[in-house]
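Values in this document were obtained by computation on a predicted structure and should not be read as measured data.
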Amino acid sequence: MTRLVVISNRVSVPEPGKPQAGGLAVAITGALEECGGMWFGWDGKISQTPSNHPATVQHGNITYATLPLPQEDYEDYYLGFSNEVVWPVFHFNLGAMDFRLSYARAYQRVNEHFASVLSTQLEGGELIWVHDYHLIPLGKALRHQGVQDPIGFFLHIPFPCYDLLRALPGYRGLLDDLLHYDLLGFQTENDLHAFRQAVIETFGAVIVDDTIECNGQQVRTGVYPVGVDVEELLAEAERSNLNEQARQLKVDLGDRDLILGADRLDYSKGLVQRFNAFEALLRDFTHRRQRTVFIQIASPSRCAIPEYDELRRQLEEMAGHINGTYAELDWMPVHYFNQTYPREVLIGLFRSARVGLVTPLRDGMNLVCKEFVAAQSPDDPGVLVLSELAGAANELSGALLVNPYDESTIVSAIEQALNMPLDERRERYQQMISVLRRNSLLEWRRRFLKHLRQQQQQAAFGN
Ligand code: GDG
């Protein structure tokens, strides 16, 4: 089988006795284990000077090859261009964009540096799979290094519509970079459509079936919704019944209903609007007081960016305000945790919740809502309240879909969820779980790699 090379901004090197961080790390590892190969990227550390030689660790048939980032690149490439320019624009949040020329230069520089180091590690005859918005220029930079093998790119976040994209200085360069891949994957049809429109408007590209022809380049495109491993999550959720923390939680809740949110602490996740909606629920539906508990886990993320720090403070204040207004001696309505919990604890919480509240203002896919559904008891499932602006809304029609900017629709949906009869909960759960089984994590990577292999065969045939 052809060797696989995966490149992502951060590399998840397995540590003995520590389970892998998230679903995606598991999916990528699974693909690498199947084919054998290398995972290349940043090790999460800061160095004094750029490194030209990756540190390598071998686990079975996978080589983990990582580089540190010099302080300046960490600030300008990672925090700066990736997370203060591309991330906000691609998430509809122009107000949060902080464009600087030094950021754009660092973005290009780091991608070229990654390409030059990576090219020394390649054996030839491999499949190369680049992940996400930090590495858009990598494919073209690898071509400049003389790499001939097929290179695929998957965008985990949404692709913005053309008018929004145009606000990003240098957007033409990003589009051109994307056209240098052999296969481009998006989370939803909507993202693919937005990309096609952008290259048609900008370069007069021509679309032929699933291929874009433009400036002498031909790139195949496709939609590959990221999924979850349903059976693994279900098994973990069943085990959580035996978990001491989960048992204690059930005792503490008594017959109160649990509403649960769990997100990276990020402005795109709609947490402020969600807190406002919960407060409105307590204000307007007085019978919910005493009977409802809202747990929000907000896992720390990108703390060095001012917007993220400000959001953390704002949420602490909001939680304090709601509790100050409504709490009683024997009842605390909001439990807000700015921490990352072990995965099994998180899944135990999903299992115990009556309502999963997932209301991002914009999200490429959103795995939390899929994990919530997969962790439910098939006999007595909880209800998912989901933003219609998350990519997952295209698949999960069994959720109660809400506009995350409209607090009143979130409140009504929570109320409807808490009143929902068992038959309807089961019916909605069945719709969602069968889609999740069909569009599984395994299926996501199998389809992408199958199409990338086809590109390889086509190139060999063409030659
Ligand atoms: C990007 C895109 C797309 C959260 N809190 C804890 C914890 N988590 C885990 C969840 C989930 C993951 O983090 C978050 O994934 P999401 O998909 O919801 O969001 P992003 O991080 O923004 O991911 C997104 C995704 O890429 C994949 O393509 O869906 O649209 O933005 O797995 O469970 N995990 C642990 N403790 C926590 O406290 N262990």
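- Aromatic ring centres of Phe195 and Phe186: separated by under 6.0 Å.
- Using modelled atom types and a 3.5 Å distance limit, the side chains of Gln431 and Ser397 yield a donor-acceptor pair.
- No hydrogens or angles considered: a donor-acceptor pair under 3.5 Å links the side chains of Gln296 and Asp263.
- Around NE2 of His59, the count of heavy atoms belonging to other residues, nucleotides or ligands within 6.0 Å exceeds 12.
- A ring-centre distance under 6.0 Å is found for Tyr107 and Phe81.
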Inset, instruction - Run the numbers on Leu357 and Leu260 for side-chain contact (heavy atoms from CB on, under 4.5 Å), then give the verdict. - result: CA-CA 6 Å; Leu357 196 50; Leu260 182 74; over 6 Å; no
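- For the pair Arg302 and Trp87, the distance from NZ or CZ to the six-membered ring centre is under 6.0 Å and the angle to the ring normal is within 45 degrees.
- Take Asp210 and apply the side-chain hydrogen bond (donor to acceptor under 3.5 Å, both in side chains) test, not counting sequence neighbours, and it matches Arg220.
- The aromatic rings of Phe350 and Phe372 lie perpendicular to each other, with more than 60° between the two planes, well past the 30° mark.
- Considering every non-hydrogen atom in both Val334 and Ala319, the closest pair reads CG1-CB, 4.0 Å.
- In this structure Glu307 satisfies the salt bridge (charged side-chain N to carboxylate O under 4.0 Å, His left out) test with no other residue, sequence neighbours excluded.
- Within 6.0 Å of the CZ atom in Arg10, the count of heavy atoms belonging to other residues, nucleotides or ligands exceeds 12.
- Between the side chains of Tyr171 and Asp176, no donor-acceptor pair is found at a separation under 3.5 Å.
- Between His156 and Phe154, the two ring planes are perpendicular [angle over 60°; tilted spans 30° to 60°].
- Other residues, nucleotides and ligands contribute only 12 or fewer heavy atoms inside 6.0 Å of the CD atom of Glu317.
- Nearest heavy-atom pair, Ile212 versus Arg196, reported as atom, atom and distance to 0.1 Å: CD1-CG, 4.0 Å.
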Inset, instruction - Begin with the C-alpha distance, continue with both residues' side-chain angles, and end with the deciding distance and a verdict on side-chain contact (heavy atoms from CB on, under 4.5 Å) for Leu178 and Phe159. - result: CA-CA 12 Å; Leu178 287 168; Phe159 197 86; 4.0 Å; yes
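- Once rounded to the nearest 0.5 Å, the distance linking CG of Leu258 with CG of Leu349 reads 7.0 Å.
- Ile347 approaches Leu233 most closely through the heavy-atom pair CD1-CD2, 3.6 Å.
- Between Trp39 and the choices Ile28, Leu4, Val13, the side chain to side chain contact (heavy atoms under 4.5 Å, CB included) rule is met once, by Ile28.
- When all heavy atoms of Leu122 and Val147 are compared, the pair lying nearest together is CD1-CG2, 3.7 Å.
- Two rings, from Phe40 and Tyr64, have their centers 6.0 Å or more apart.
- You'll find the ring centres of Tyr77 and Tyr103 outside the 6.0 Å limit.
- By the 6.0 Å contact criterion, CD on Gln48 is open, its count of non-hydrogen atoms from other residues, nucleotides or ligands being 12 or less.
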Inset, instruction - Check step by step if side-chain contact (heavy atoms from CB on, under 4.5 Å) holds for Trp42 and Val11. - result: CA-CA 6 Å; Trp42 179 34; Val11 174; over 6 Å; no
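- Taking the six-membered ring where the residue is Trp, the centroids of Tyr74 and Tyr78 are separated by under 6.0 Å.
- Aromatic ring centroids of His335 and Phe294 lie 6.0 Å or more apart.
- Listed by chain and residue number, Asp266 satisfy the side-chain hydrogen bond (donor to acceptor under 3.5 Å, both in side chains) test with Ser268 (two or more places apart in sequence, or in another chain).
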